[in-house]
Q: 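Structure incoming, see below.
Numbering starts at 1 and runs along the sequence shown.
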Amino acid sequence: MSERVSVAEAAEILGMSKQGIREHMKRNLFEVPIGYVTNPSGKKEQYHIYRDMLNRHLGREAEA
């Protein structure tokens, strides 16, 4: 996988709130996924956003 991106950085790039990013990811609302949500052992969700997936969502070519 590529470099991880924080929820805050993804929110700034996509022009959304951090909560908006979290809700879209939990509900699979992004047409092209930007990452994954995990819930280890029923604890607080973790949001794994990856630069390559975010770029694909934005229609950008993968960066070398």
Q: Over all heavy atoms of both residues, which pair between A10 and I49 is shortest? Give the atoms and the distance, please.
A: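 Scanning both residues completely, I find the closest heavy atoms to be CB-CD1, 3.8 Å.
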Q: May I have the step-by-step check of side-chain contact (heavy atoms from CB on, under 4.5 Å) for E3 and Y50, ending in yes or no?
A: CA-CA 6 Å; E3 168 192 5; Y50 296 97; over 6 Å; no
Q: Which heavy atom in K18 sits nearest to a heavy atom in V7, and how many Å separate them?
A: O-CG1, 3.7 Å
Q: Using a 4.5 Å cut-off on heavy atoms from C-beta on, say whether the side chain of I13 contacts that of R51.
A: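 Yes - at least one pair of side-chain heavy atoms lies under 4.5 Å apart.
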Q: Determine, using the 4.5 Å side-chain heavy-atom cutoff (strictly less than), whether V5 and M53 are members of one ILVMFWY cluster.
A: no
Q: Which atoms form the tightest heavy-atom contact between S17 and G20, and what is the distance?
A: OG-N, 2.9 Å
Q: Hey, could you give me each pair passing salt bridge (Lys or Arg N to Asp or Glu O under 4.0 Å) that has a residue in residues 32-42? Not counting sequence neighbours.
A: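 Passing the test, one end in residues 32-42: no pairs.
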Q: Is the ring pair H24/F30 parallel, tilted or perpendicular, if the boundaries are 30 and 60 degrees?
A: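 Taking F30 first and then H24, their aromatic rings sit tilted (interplane angle of 30° to 60°).
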Q: In sequence, state the C-alpha distance, the side-chain angles, and the governing distance for E45 and K26, and then conclude on side-chain contact (heavy atoms from CB on, under 4.5 Å).
A: CA-CA 9 Å; E45 288 93 1; K26 281 196 284 191; 4.2 Å; yes
Q: Under the salt bridge (Lys or Arg N to Asp or Glu O under 4.0 Å) test, which residues partner E12, sequence neighbours left out?
A: none
Q: Taking all non-hydrogen atoms of both residues into account, name the closest pair between V37 and M25 and its distance.
A: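 Where V37 meets M25 most closely, the heavy atoms are CG2-CB, 3.6 Å.
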Q: Any heavy-atom pair between the side chains of L58 and L14 that's under 4.5 Å?
A: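 Yes - at least one pair of side-chain heavy atoms lies under 4.5 Å apart.
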Q: Only counting residues at least two apart or in another chain, list the ones meeting side-chain contact (heavy atoms from CB on, under 4.5 Å) with Q46.
A: T38, P40, H48
